[in-house]
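A short write-up of the structure that comes next.
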Amino acid sequence: MESRYNPASIEPQWQQVWAEQKLDKTLEARDLPKFYALSMFPYPSGNLHMGHVRNYTITDVIARVYRMRGYRVLHPMGWDAFGLPAENAAIDRGVPPAKWTYANIANMRAQLQRLGLSYDWDHEVATCSPDYYRWTQWIFLQFLQAGLAYRKEATVNWDPIDQTVLANEQVDSEGRSWRSGAKVEKRLLRQWFLKITDYAERLLNDLDQLPGWPERVKLMQENWIGKSTGAQVVFKTEAGDELPVFTTRPDTLWGATFMVLSPEHPLVAKLTPPEQADAIQAYQTAAAAKSEIDRTAEDQEKTGVWTGSYAVNPVNGEPIPIWIADYVLMGYGTGAIMAVPAHDQRDFEFARKFKLPIRLVVQPADPTLDADTLSAAWSQGGVLVNSGPLDGLPAGKGAGQSVEAAIQWLEANGKGQRMITYRLRDWLISRQRYWGAPIPVIHCPNCGVVPVPEADLPVSLPENIELSGRGASPLTQLADWLTVPCPTCGTMAQRETDTMDTFIDSSWYFLRYADAQNQAQVFDPTKVNDWLPVDQYVGGVEHAILHLLYSRFFTKVLHDRGLLNFDEPFLRLLTQGMVQGLTYFNPRTGRWIASDQVNREDPKDPETGEALEVAYKTMSKSKHNGVAPGEVIEKYGADTARMFILFKAPPEKDLEWDEADVEGQFRFLNRVWRLVHEFAGRSVNPMAAALTKPEKDLRRAIHTAIQESSEDMQEGYQFNTAISEFMKLSNALNDFADKASPVYAEGITTLVKLLAPFAPHITEELWQILGNAESVHRQAWPQADPTALVVDEVPLVIQINSKNREVIQIPAGLDKEAQEQYARQSEAAQKYLEGKQIKKVVVVPNKLVNFVVV
RNA sequence: GGGAGCGUGGUGGAAUGGUAGACACAAGGCACUUAAAAUGCCUCGGCCCAAAAGGCUGUGAGGGUUCAAAUCCCUCCGUUCCCACCA
């Protein structure tokens with residue numbers, strides 16, 4: 001009867017049974033409460049890494065617990081399948097991107113299935129499939145109709161040797177093309193944008209509606225949207241041209257002693273007298289040659305050139321010189337600033353370097369500042385001085401303070417107006433790439449930009465192509481594909497050859513999952529409104545900004561188009577930490593060495609014999625750490641891998657993968673295996689009228705495990721402490737003598753059920769060995785019996801002057817006086833209270849009594 | 001420079017105002033075994049005492065609030081992440 005726990009044989013066997021029985025099919029019964037559990041879908045790179053395993057295991061446990069609690073659960077999986085790696089692989093190996101991608105999907109799907117993840121594969125989507133991108137294109141047309149998609153010029157990275165557009169990630173830190181090594185140039189192209197800025201205010205405000213999101217993610221989104229309130233003030237040049245500036249500190253306008261324009265500012269040429277022209281042009285050329293990185297680098301010394309012109313400060317009529325400097329960016333605000341050196345550090349450094357005047361307009365009570373001796377800009381509080389109508393006001397942004405007063409004064413005197421700006425830019429979605437969803441528009445010489453009629457969707461991507469990595473997108477070379485009659489006038493016209501940013505594909509996939517196979521519509525609104533919003537979303541914190549913001553934007557737009565009855569897609573969000581692998585580092589050679597080549601006790605470089613440093617690296621980014629999920633699963637089984645990754649650290653924290661610790665989880669599962677096998681087939685005594693003391697204690701242990709692990713799963717998903725509860729229960733069962741007791745039987749079945757969402761295969765096997773025909777995954781999640789949790793006695797801590805002196809057992813639930821009486825009779829009290837005067841007694845019911853004595 | 005977080009045994013971590021170190025990993029010892037593996041049992045923050053009993057001390061450092069602080073407040077140190085010449 002006794003058999004060894006052999007995951008390699010039972011796991012695939014049960015996976016097959018579950019697949020045949022469609023155990024993980026999504027329940028559609030409308031009378032059950034719904035739960036939508038979602039993991040961020042992977043890019044099909046070809047292989048699962050430990051970060052994936054962690055992500056999907058977390059969501060799978062949540063989905064399984066909700067099923068056992070009686071919910072109908074949608075738990076789908078799919079593929080974020082468009083993107084650059086497929087093109088790179090195509091160039092390197094001469095395989096068409098589609099073929100490479102689908103092969104990877106097949107491979108990774110098999111790896112996911114091997115982990116025992118309870119997906120309903122009937123809801124699978126792949127963003128590169130025409131069934132999917134047809135609707136991505138349809139949604140783009142919705143944006144176009146809503147006036148939320150438009151074209152404007154924007155720069156791209158241009159490789160002059162390969163004659164191709166490069167993604168930012170294809171440009172190295174020196175500004176060279178990764179493939180040709182050519183110095184990358186900037187080129188202007190007309191490209192498509194989505195007007196996410198129209199939604200900036202809602203995307204910001206609605207963060208308040210997301211109590212189930214981590215605060216730090218909301219804060220990151222808030223910072224990314226970057227709302228700032230201030231004023232627009234128009235300065236005039238001597239020639240009468242207008243130079244609007246945006247400032248968050250309009251109260252310091254009286255302290256503006258010069259202006260700075262971005263070197264690219266369109267008025268620069270006009271402002272420059274001939275004698276300054278050479279200097280200005282030289283500076284502009286130098287600024288243009290600087291890479292983004294150089295220009296935004298920290299501790300960059302201030303540079304700049306005077307244009308030779310002056311502007312008039314509208315609040316006091318003073319002429320102030322106009323400079324250009326590369327620390328002012330054309331892409332932010334108006335590309336021009338008023339400089340207040342006394343109260344802005346960058347302006348201060350600039351003024352000191354070029355000997356420009358500094359005028360104090362905020363004077364704090366202490367220290368008393370003097371513009372001549374100022375060592376840094378004063379950006380803190382104080383009272384306004386030298387500021388005409390604002391003199392004497394407290395500096396600050398609140399009502400009645402200087403900023404608000406300044407805005408009101410500017411508006412009343414017609415010198416400027418209140419203005420709100422956002423750091424958020426419109427979303428550039430054009431990619432000069434092949435492997436993406438084609439933007440469904442046609443350029444007609446007569447009609448201009450014409451949307452492809454919905455009936456003609458999808459605009460399919462020709463799949464059998466060859467990529468060279470040189471020249472323009474292959475779409476521009478395919479005459480058959482490129483040339484089509486204009487849908488409006490019939491003239492021969494050309495298709496748009498840009499494809500969409502892959503972030504578009506992933507901004508709506510969670511909607512399609514609810515109705516993945518719909519051929520007639522993007523989705524049936526009834527189904528989507530039923531399943532959505534997502535109840536629990538799980539993924540890496542690296543997506544905290546872009547993906548989550550774009551998905552929220554899409555959901556709001558589709559809501560406003562009347563397609564959805566909700567406008568926030570994800571109710572609760574869990575951002576899981578990274579998985580890192582143990583590696584060794586040789587500080588002299590700078591080489592990383594995999595852990596399996598090094599003796600842990602005495603890490604030495606296998607080639608040079610030098611001592612090594614221990615380090616952890618992110619699994620997905622390092623090739624040097626030899627731990628792939630495949631090997632671990634082969635050696636210990638999927639259940640052990642799942643248990644380990646959940647037990648090792650709380651889900652939000654980074655996790656260091658160390659194979660030595662995996663053994664511990666394997667041993668725990670083996671112990672459970674033995675416990676159940678030793679029990680199975682035994683006869684169980686009938687329930688006696690009264691439980692013995694050990695039975696009562698065991699019953700309390702059982703129901704404590706239920707109670708605690710259920711709480712751990714409810715609040716914050718503390719899988720690590722939930723598993724430790726299972727271990728405690730297993731230890732209690734192991735120590736329990738009367739194996740024929742009905743309470744012991746209750747403990748065994750409870751343990752198997754509690755463990756089922758975590759280790760689905762071994763529990764299914766053990767459940768069957770216990771004589772059950774139905775799957776353990778169809779059982780109800782155990783309920784804690786409050787009567788079993790009741791304790792007769794509690795430990796009481798006796799403190800004298802807050803120092804622990806003794807622990808005694810007292811009856812539970814005593815009133816304060818009775819509890820104090822027990823405490824007074826304790827040995828510690830007798831010993832330490834003798835001859836002392838009691839100043840105060842603190843009684844915490846069922847916990848402690850503290851005697852404060854002198 | 002701005003924002004957020006973290007800092008607890010040899011290690012991962014537990015404890016969110018009330019017995020610090022749950023549950024594990026590693027390590028050491030013992031039992032079983034011809035032996036090994038597996039398994040079971042014991043010890044395991046530091047210091048004092050021959051040992052036990054016991055005592056003192058201990059959650060990055062310093063201070064504060066409280067009968068009571070890993071937990072709350074202030075200052076500093078270290079570290080991680082995000083953003084950043086953002087007007």
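These numbers come from the heavy atoms of this one structure, side chains and all, not from hydrogens, waters or symmetry mates. Reminder, nothing fancy here: chain letters follow the sequence lines and each chain counts from 1.
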**Residue-phosphate contact under 4.0 Å: A:Arg346 side-chain N/O, B:C86 OP1/OP2** = yes
**Message:** Suppose we screen for ring pair (Phe, Tyr, Trp, His ring centres under 6.0 Å). Which residues come up paired with A:Phe719, at least two apart in sequence or across chains?
**Reply:** A:Tyr717
**Prompt:** Can you give one letter per nucleotide of nucleotides 10-26 of chain B, 5' to 3': B if a protein heavy atom sits under 4.0 Å from the base, S if only from the sugar-phosphate, - if neither?
**Reply:** --BSS---BBS-BBSSS
**Item:** Spacing between A:Arg4 atom CZ and B:U39 atom P, to the nearest angstrom
**Value:** 11 Å
**Rounded interatomic separation in angstrom, taking NZ from A:Lys839 and C1' from B:A68** = 14 Å
**Message:** Could you tell me how far B:A22 sits from B:C86 if I compare only their C1' atoms? Round to whole Å.
**Reply:** 48 Å
**Message:** Please give the distance between the C1' atoms of B:G45 and B:C41 as a whole number of Å.
**Reply:** 23 Å
**Asked** Which of these nucleotides, B:G40, B:A87, B:G3, is closest to any side-chain atom of A:Leu219?
**Response** B:G3
**Request:** Run the salt-bridge test on A:Lys218 and A:Glu215 with the 4.0 Å N-O cut-off and return the result as yes or no.
**Result:** yes
**Counterpart residues, side chain to side chain donor-acceptor pair (under 3.5 Å), relative to A:Glu820 (two or more places apart)** = A:Arg824
**Request:** Could you list the residues that satisfy ring pair (Phe, Tyr, Trp, His ring centres under 6.0 Å) with A:Trp224, not counting sequence neighbours?
**Result:** none
**Message:** According to side chain to side chain donor-acceptor pair (under 3.5 Å), who are the partners of A:Glu711, at least two apart in sequence or on a separate chain?
**Reply:** A:Gln707
**Request:** Ignoring hydrogens and angles, state whether a donor on the side chain of A:Tyr636 or A:Gln665 is under 3.5 Å from an acceptor on the partner side chain.
**Result:** no
**Prompt:** How long is the line joining CD of A:Glu652 and P of B:A4, in whole Å?
**Reply:** 19 Å
**Item:** Separation between the P atoms of B:C72 and B:G17, rounded to whole Å
**Value:** 9 Å
**Request:** For RNA chain B, produce a single dot-bracket line, 5' to 3'. Pairs: Watson-Crick or G-U wobble, both distances under 3.5 Å. Symbols: ( ) within strand, [ ] crossing, | other strand, . unpaired.
**Result:** (((((((..(((.....[....))).(((((.......))))).((((.....))))..(((((..]....))))))))))))....
**P atoms of B:A20 and B:U71, separation to the nearest Å** = 14 Å
**Prompt:** Start at the 5' end of RNA chain B and walk down; is the nucleotide closest to A:Val852 or to A:Arg216 reached first?
**Reply:** A:Arg216
**Item:** Interatomic distance where CZ belongs to A:Phe235 and P belongs to B:A87 [whole Å]
**Value:** 16 Å
**Message:** Using the side chain to side chain donor-acceptor pair (under 3.5 Å) criterion, which residues pair with A:Arg671? Sequence neighbours excluded.
**Reply:** none
**Asked** Just wondering, are more than 12 heavy atoms of other shown residues or ligands nearer than 6.0 Å to CD in A:Glu793?
**Response** yes
**Request:** Quote, to the nearest angstrom, the C1' distance that separates B:G55 from B:A61.
**Result:** 27 Å
**Prompt:** Quick one: is A:Tyr832 getting a side-chain N or O under 4.0 Å of the B:G55 phosphate, OP1 or OP2?
**Reply:** yes
Protein-nucleotides 56-58 of chain B N/O pairs under 3.5 Å:
residue	atom	partner	partner atom	Å
B:C56	OP1	A:Arg805	NH2	3.4
B:U57	OP2	A:Lys803	NZ	3.0

**Message:** Distance check needed: B:C85 P versus A:Trp323 CH2, whole Å only.
**Reply:** 22 Å
**Item:** Rounded C1' spacing from B:A52 to B:G58 in Å
**Value:** 23 Å
**Message:** Holding to side chain to side chain contact (heavy atoms under 4.5 Å, CB included), I want the full list of residues that pass it with A:Ala823, two or more places apart in sequence or in another chain.
**Reply:** A:Leu796, A:Ile798, A:Val849, A:Phe851
**Message:** What is the distance, to the nearest angstrom, from the CG atom on A:Asp735 to the C1' atom on B:G40?
**Reply:** 11 Å
**Asked** Listed by chain and number, what are the side chain to side chain donor-acceptor pair (under 3.5 Å) partners of A:Tyr832, not counting sequence neighbours?
**Response** A:Arg805
**Prompt:** Say you pick atom C1' in B:U59 and the same atom in B:A70; how far apart are they, in whole Å?
**Reply:** 5 Å
**Fill in**
Those residues at least two apart in sequence (or on a different chain) that pass ring pair (Phe, Tyr, Trp, His ring centres under 6.0 Å) with A:Phe354 are A:Trp323, A:Phe350
**Message:** Between C1' on B:C67 and NZ on A:Lys836, what's the gap in Å once rounded to a whole number?
**Reply:** 16 Å
**Asked** Is the cationic atom of A:Lys739 (NZ for Lys, CZ for Arg) positioned less than 6.0 Å from the six-membered ring centroid of A:Phe679 and within 45 degrees of its normal?
**Response** no
**Interatomic distance at C1', B:U33 relative to B:C48, whole Å** = 42 Å
**Fill in**
ring pair (Phe, Tyr, Trp, His ring centres under 6.0 Å) filter on A:Tyr5, not counting sequence neighbours, yields A:Phe666, A:Trp673
**Complete:** Its glycosidic angle compared against 90° from 0, B:G9 adopts the form syn
**Asked** A:Gln576 CD to B:C81 P: how many Å, rounded?
**Response** 17 Å
